[in-house]
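Here is the structure we will look at, set down as structure tokens.
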Amino acid sequence: MSTKRQLLIYLKQGKGTWVSGEFLAHKMAVSRSAVWKHIGSLRNDGYVIESSRKKGYLLQQTSDFLLADEIREGLNTNVFGKRDIVYFRETDSTNVRAKYLAGDGAPEGTVVVSEMQTQGRGRKGRTWFSPAGEGIYTSVILRPPIPPNEAPKLTLMASLAVAEALLSLTSLKIKIKWPNDILINGRKVAGILTEISTDMDSIDYVVIGVGLNVNTQRKVLPPDIRQKATSVFMETDKVFPRVALLRAYLQWLEIYYGAFKTKGFDPILNRWKHLADIIGRRISVDLIDSVRVGKVLDIDKDGFLILQDREGTIERIISGDVTLLSQ
Ligand code: BTN
């Protein structure tokens with residue numbers, strides 16, 4: 001374990017009391033100036049540490065940076081986040097980074113996370129607004145033993161994991177909009193971008209990228225998404241610990257991924273439908289080159305939307321942008 005990590009553990013063990021520099025230097029067998037240097041580095045990582053010549057050091061507030069060690073502390077998973085967590089202060093896109101890592105052989109369960117993205121990517125070539133320290137921008141590598149045409153199921157699974165994480169830690173009313181937007185009061189709080197690499201008829205890897213607006217304030221949202229987007233902060237007026245939400249997401253993702261591999265997609269789909277509130281609704285769906293309007297009959301066993309238009313024609317739709325219409 002690094003000296004810096006050890007130092008943090010001693011400060012955390014202090015539980016809000018002062019820990020003397022002499023004690024720390026002695027315990028870690030380093031000089032007091034080395035302790036001071038590591039304190040500086042911890043502060044740089046977002047930990048709020050008070051210092052006093054007489055009393056030593058006091059950890060006032062733990063870091064809310066999405067640091068690997070913070071995520072791992074209390075993380076109740078066997079695989080996701082238990083192997084590599086690749087952390088960036090800034091990167092282009094965690095999906096892009098995850099794809100490089102997966103291409104180089106990174107194992108299933110590798111998690112990439114960044115405080116901000118300079119080229120955060122959304123579905124359909126859109127960008128994902130990714131300001132520093134306010135949201136969760138993360139990508140997980142999966143290597144599922146399924147044929148490529150089943151990959152859309154994983155996107156629904158991930159949207160369910162995000163919804164469950166929010167439901168388990170907040171009292172917000174969370175809904176899922178097909179195929180994979182997470183909404184609070186009709187506004188989008190999170191989105192999912194799944195990217196897949198195939199090898200003949202099998203999947204080499206799947207990267208599931210999640211963007212979740214946690215502490216984003218309305219005034220920083222770009223005007224074009226201000227009416228459509230929201231964040232946990234905007235809905236509750238409270239700053240929310242991002243690390244806790246990320247942990248909960250990884251835990252739910254592992255639970256549902258395990259269920260998917262052992263019990264199949266049905267249990268996931270049933271829970272998903274319960275949170276989706278779309279069946280029986282009139283909607284319009286923007287496809288690449290056309291718009292369809294109709295009533296949603298179901299989400300089928302593969303996660304496709306089953307739409308019936310006014311003439312009674314039934315269509316199976318794999319992906320599109322849904323707008324709920326009044327009945
Ligand atoms: C959408 O359009 O709804 C999907 C948004 C997905 C954004 C996330 S943020 C982390 C990961 N990296 C990216 O570049 N995109 C995804």
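Predicted model only: the values in this text are computed from it and were never measured. Whatever order the structure lists ligands and atoms in, that order sets their numbers, starting from 1.
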Please output the residues near ligand 1 using a strict heavy-atom distance under 4.0 Å, listed in chain and residue-number order. S93, T94, N95, Q117, G120, R121, G122, R123, W128, Y137, T138, S139, D181, K188, G191, I192, L193, G209, V210, G211
Residues pairing under salt bridge (charged side-chain N to carboxylate O under 4.0 Å, His left out) where one sits in residues 58-67, two or more places apart or in two chains, turn out to be D64-R242
What's in the same ILVMFWY side-chain cluster as F129, cut-off under 4.5 Å, chained through other members? V220, L221, I225, M234
Hey, can you pull the donor-acceptor pairs under 3.5 Å for the side chains in residues 196-203, sequence neighbours left out?
from: S202; atom 1: OG; to: D199; atom 2: O; distance (Å): 3.1

Picking from Q60, Q61, E70, what satisfies side chain to side chain donor-acceptor pair (under 3.5 Å) with Y47? E70
Using only atom types and a distance under 3.5 Å, with no angle test, would you say the side chain of Q251 pairs donor to acceptor with the backbone of N76? yes
Atom NZ of K124: over 12 foreign heavy atoms under 6.0 Å: yes
